[in-house]
Amino acid sequence: MNMQKRIALITGAAKGIGEAIARRLIQEAYAVILVDVDGENGEKLARELGENARYITCDISNEAAVSTLFAKIDHLDVLVNNAGIIRDNLIWKMSSEDFDRVIDINLKGTWLMCRAAAARMRDQKNGRIVNIASRAWLGNPGQSNYAASKAGVVSLTRVLALELGRYGVLVNAVAPGLIDTPLTQKLSPEVLEKLIQAQPTRTMGQPEDVANAVAFLCDEKTQFITGQTLYVDGGKSVGAGI
Ligand SMILES: NC(=O)c1ccc[n+]([C@@H]2O[C@H](COP(=O)([O-])OP(=O)(O)OC[C@H]3O[C@@H](n4cnc5c(N)ncnc54)[C@H](O)[C@@H]3O)[C@@H](O)[C@H]2O)c1
C-alpha cells in the first residue's frame, strides 16, 4: 500500500454500502483497508481495487480480533464503522440471542473499533471517524434490537466528538434510510414496494448515495462539523409521518 496516501479503514467493506464507500474513497485517492468477516468477497474486492487496497479478516465484535487487527496497522487517518446486521422480529418473538448478536456487532463492535482508533488519532492529533447508524434509530417496529443498537451508535458518536474534538479528531454519523444492498434485497418484493411508496422521494437510495456523504465528512476541506448525524434517507426522517 502507498503510505503517502491518506489511509481509510472501512468495516463491513466486502459488499453493499461498505463496498461503495471503499470504491468512493479509492477514487478520492485514499489507500483503503477493507475489514470484513466475508473473506471471499473481501479478497475479491481488494484484488479488483488494486495496490491501494488491502483486505483483513476481522470480526469486529471480538475484542481480541480487533486488537490483532490494529497491531497490523501502522497509521490510520479515517475509520468508517459500517459493519452491521439485522435480526428483526416483534419483541415478544425476538430471542435474547438475536438481541445480543445485533448489539454485539452494531454497537459493541463499533465501540471496540472506535476505542482502538481513538487512541491512535488522539496521539497523532488528527483523524476522522464516521459511524454508519440508521434512520431506524428513530424507531421502527420489529427492530427493537437494531434500533437500540443504532441509537447507541448515534450517542457514541456524540460522546466521541466531545472527547476527541480538542485533538483535531472529528466524529460524525451517517444515518441511511432504505438503501439497495444485499441486506434489503432479502425483503419480499411486496414489502419492498410498500417501503418505497412510503418514501417522500418514492425511491430507494443507492449505496453510492451513502458513500458520497461519507466522502464529504472525511474530506480534509470539511472542517468544524462534529458530533452530527447526516440522514441519507430520501426525506423519510422528516415530517410527522401521517
Ligand atoms: N441497506 C440499508 O437499507 C441500510 C439502512 C440503514 C443502515 N444500514 C446500515 O449500513 C451498514 C451496511 O449495511 P448493508 O446494507 O451494506 O449490509 P450488508 O449486509 O450488505 O453488508 C454488511 C457487511 O458487514 C459485514 N459484517 C457483518 N458482521 C460483521 C462483523 N462481525 N465483523 C466484520 N464485518 C461484518 C458482512 O459480512 C457484510 O459484508 C450496516 O451498518 C447497516 O445497519 C443499511
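It should be emphasised that the depicted structure is a prediction, and the values quoted were computed from it without experimental measurement. Counting starts at 1 for both ligands and their atoms, following the listed order.
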So Arg87 and Asp104, salt bridge (Lys or Arg N to Asp or Glu O under 4.0 Å) or not? Walk me through it.
CA-CA 12 Å; Arg87 295 276 188 281; Asp104 275 352; over 6 Å; no
Evaluate the criterion salt bridge (Lys or Arg N to Asp or Glu O under 4.0 Å) for residue pair Glu193 and Arg202; output intermediate values, then yes/no.
CA-CA 9 Å; Glu193 190 49 33; Arg202 306 293 191 270; over 6 Å; no
Run the salt bridge (Lys or Arg N to Asp or Glu O under 4.0 Å) test on Lys44 and Glu48 for me, step by step, so that the C-alpha distance in whole Å, both residues' side-chain angles and the decisive distance to 0.1 Å come before the verdict.
CA-CA 6 Å; Lys44 196 167 138 213; Glu48 186 201 322; over 6 Å; no
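If you look at ligand 1, the protein residues with a non-hydrogen atom under 4.0 Å away are Gly12, Ala14, Lys15, Gly16, Ile17, Asp36, Val37, Asp38, Cys58, Asp59, Ile60, Asn82, Ala83, Gly84, Ile85, Ile105, Ile132, Ala133, Ser134, Tyr146, Lys150, Pro176, Gly177, Leu178, Ile179, Thr181, Pro182, Leu183, Thr184.
Put simply, the side chain of Asn62 gets close to the backbone of Ala65: a donor and an acceptor are under 3.5 Å apart.
Ala173 approaches Thr157 most closely through the heavy-atom pair N-CG2, 3.5 Å. The nearest pair of heavy atoms linking Lys150 to Ser134 is CG-CB, 3.8 Å.
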